[in-house]
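To start, the structure itself, in structure tokens.
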Amino acid sequence: MLRGTGALMALPFLEAMSPLKVLAGGITSTTALPPLRMGIFTVTGGTVLESWRMKESGPLAKLPSILRPLEFAKDDLLLISGLSHTGRSEGLNAHEACAYTHLTGAPEVKRVAGKIQAALSVDQAAAAVAGEQTYLPSIEIGLNANTTYSFRAPDSPVPCEGNPRLVFERMFRGRKPVVPNWNRRAAQKAQEVQKSATPRSHDKSILDLVREDAKGLRQNLGQADKHKLDEYLDSVRSVERRVDFIEAKHQQEVMDMADPGPSKLNLPTNLPPEGMPIWQITRPIDRDPERHAEYIALMSDLMILAFQTDTTRVATFSVGSDDAFYPGVVTVGDERHCHTLEHQGNAGKVEDADPIAREACRQIHAWYTTLFAEVVKKMKAIDEGGSSLLDNSMMLYTSYMADGGH
């Protein structure tokens, strides 16, 4: 199944990354496809499985109650169940064990001398490929202050940023948000490829100018110094490439300012005041579902904006909080605290769980899906020149636990 999934994902990715076809004897411009994005919208707390999974495989009929807010987008959905992380954990609590395996599938997660050990996460694997084409390789946003989902390496967790203002500033510091004109960019790319067939001597890099001298120097060095020289030359080349990339992106955005793509930017107007501490943002969220929903909507808009402006093509949004209360969202029983409901509403067998708490958990996750459905609607409405932002995105909607019993 994984082999098949990889093949299905690779083909549209390659088409999106290559809007030109190189044919024998020349270059033919094809339909300009915007790049493929990957977004992960992962909710907290563990869901209610019988209200989340389809009862039968095959074409989607009536969606389970938790997913019913996505009924309008049923033709865009692929529901996958029956997968399980079977890795073991050592010295971790259940939340940590679930979080560290969530996007990594690590065979073992643990702490060594207080440091987390997991594996490369799927979002960071995508960022390693797509990140060279954007200002930011990826963004990680949300409220998982006590858990980590993203890992650049087994021992390198990537923290989330929970302050929307800091997310916006990181995305657009030193540049203005602009909608790329993908059709113009494709036509320009075709011209650049044709011009590149005739190299110009004055375009040689600094590295090219010193390469012959470096060869001569290298002959007189020991192995350690040869390795050090090679590392230095590689670092120079890396800096040159990054400078060239930033300059090219800046030139593209100047042209996009004059001739932008067809969609309109929705810039946030309700960012927190500058300098507001994070606890002043999160404390009202944990107590008031209305403020909580506003926060999720704002962060979702920032994720959409990052994709729409090609600031990044990989985003992971950690949604919700185990410590939150849900008055008004939960309409049964007396308990409103998410974490308490997770434990009361789950057991080894469903029939042994508290049915009222389980219904409360179902209501919370249906509420999450309503908010995710708004993200899908907004992405479907963004025109990228003949296709929508949703057409050019792969969005994963998931939970970091199968159920609240962990």
Discussion item. For a side chain to side chain contact (heavy atoms under 4.5 Å, CB included) check, start with the C-alpha distance between K264 and I382, then their side-chain angles and the critical distance, and finish with the verdict.
Written reply: CA-CA 8 Å; K264 302 298 181 184; I382 293 176; over 6 Å; no
Practice prompt. Tell me, with the steps shown, if D76 and K380 meet salt bridge (charged side-chain N to carboxylate O under 4.0 Å, His left out).
Written response: CA-CA 10 Å; D76 297 305; K380 281 178 81 75; 2.8 Å; yes
Item to complete: Take E71 and R68 through the test salt bridge (charged side-chain N to carboxylate O under 4.0 Å, His left out) and record every step on the way to the result.
Response: CA-CA 5 Å; E71 190 77 29; R68 208 153 292 157; 5.1 Å; no
Practice prompt. Please report the C-alpha distance between R175 and E253 in whole Å, then the side-chain angles of each, then the deciding distance to 0.1 Å, and finally whether the salt bridge (charged side-chain N to carboxylate O under 4.0 Å, His left out) criterion is met.
Written response: CA-CA 9 Å; R175 54 188 282 259; E253 292 189 346; 2.8 Å; yes
Discussion item. As a quick check of understanding, evaluate ring pair (Phe, Tyr, Trp, His ring centres under 6.0 Å) for H292 and Y295, giving each step before the final call.
Written reply: CA-CA 5 Å; H292 200 157; Y295 175 85; 7.2 Å; no
Item to complete: For L67 and F372, run side chain to side chain contact (heavy atoms under 4.5 Å, CB included): C-alpha distance rounded to whole Å, both residues' side-chain angles, the deciding distance at 0.1 Å, then the answer.
Response: CA-CA 10 Å; L67 299 182; F372 177 66; over 6 Å; no
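A 4.5 Å side-chain heavy-atom check between Q252 and R184 finds at least one atom pair inside the cut-off. V167 has its side chain out of reach of M303: every pair of non-hydrogen atoms, C-beta onward, lies at least 4.5 Å apart. The shortest side-chain heavy-atom distance between Q124 and E140 falls under the 4.5 Å cut-off. The closest side-chain heavy-atom distance from I285 to S321 is not below 4.5 Å. Inter-residue side-chain proximity for L265 and V179 is flagged as met; some heavy-atom pair is nearer than 4.5 Å. You'll find the side chain of F151 stays beyond 4.5 Å of the side chain of V158, heavy atoms only. Side-chain contact between Y149 and P157: absent, with no pair of heavy atoms (C-beta onward) separated by less than 4.5 Å. A 4.5 Å side-chain heavy-atom check between F317 and T42 finds every atom pair outside the cut-off.
If you look at F172 and F168, their ring centroids are closer than 6.0 Å. Aromatic rings of H339 and H95 (six-membered ring for Trp) have centroids within the 6.0 Å cut-off, being under it.
Within 6.0 Å of the CD atom in E290, the count of heavy atoms belonging to other residues, nucleotides or ligands does not exceed 12. Around the CD1 atom of I356, the shell of radius 6.0 Å holds no more than 12 heavy atoms that belong to other residues, nucleotides or ligands. Remark: D334 CG is loosely packed, at most 12 non-hydrogen atoms of other residues, nucleotides or ligands lying under 6.0 Å away. Counting heavy atoms of neighbouring residues, nucleotides and ligands inside a 6.0 Å radius, atom NZ of K377 exceeds 12 of them.
A donor and an acceptor atom, one from each side chain of D123 and S121, are located under 3.5 Å apart. With 3.5 Å as the limit, one finds no donor-acceptor pair spanning the side chains of S89 and E108. Between the side chains of T309 and T311, at least one donor N or O lies within less than 3.5 Å of an accepting N or O. No side-chain N or O of N181 forms a donor-acceptor pair with one of D256 less than 3.5 Å apart. Side-chain atoms of D383 and S263 form no donor-acceptor pair, as typed in the model, at a separation below 3.5 Å. Side-chain contact of R313 with S138: a donor-acceptor pair under 3.5 Å is absent, judged by distance alone. Defined by atom type and a distance below 3.5 Å, a donor-acceptor pair is present between the side-chain atoms of N392 and E384. A donor and an acceptor atom, one from each side chain of R173 and Y135, are nowhere located under 3.5 Å apart.
With hydrogens and angles disregarded, a donor-acceptor distance shorter than 3.5 Å links the side chain of T104 to the backbone of A106. The backbone N or O of E342 sits less than 3.5 Å from a side-chain atom of N346, completing a donor-acceptor pair. Checked by atom type and distance alone, the side chain of Y400 never pairs as donor or acceptor with a backbone atom of C98 at under 3.5 Å. Between the side chain of S399 and the backbone N or O of A402 there is no donor-acceptor pair closer than 3.5 Å.
Rounded to the nearest 0.5 Å, atoms CG (L305) and CG (L267) are 6.0 Å apart. Here the CD atom belonging to E359 is positioned 4.5 Å from the CD atom belonging to Q363, to the nearest 0.5 angstrom. To the nearest 0.5 Å, atoms CD (E96) and OG1 (T101) are separated by 11.5 Å.
K378 has a carboxylate O that lies under 4.0 Å from a charged side-chain N of D301, or vice versa, which qualifies the two as a salt bridge.
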Show me the side-chain donor-acceptor pairs of residues 49-57 shorter than 3.5 Å, one per line, residues at least two apart or across chains.
from, atom 1, to, atom 2, distance (Å)
E50, OE1, R358, NH2, 2.8
E50, OE2, R358, NE, 2.8

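Looking at T316, V122, V129 one by one, the single match for side chain to side chain contact (heavy atoms under 4.5 Å, CB included) with M38 turns out to be V122.
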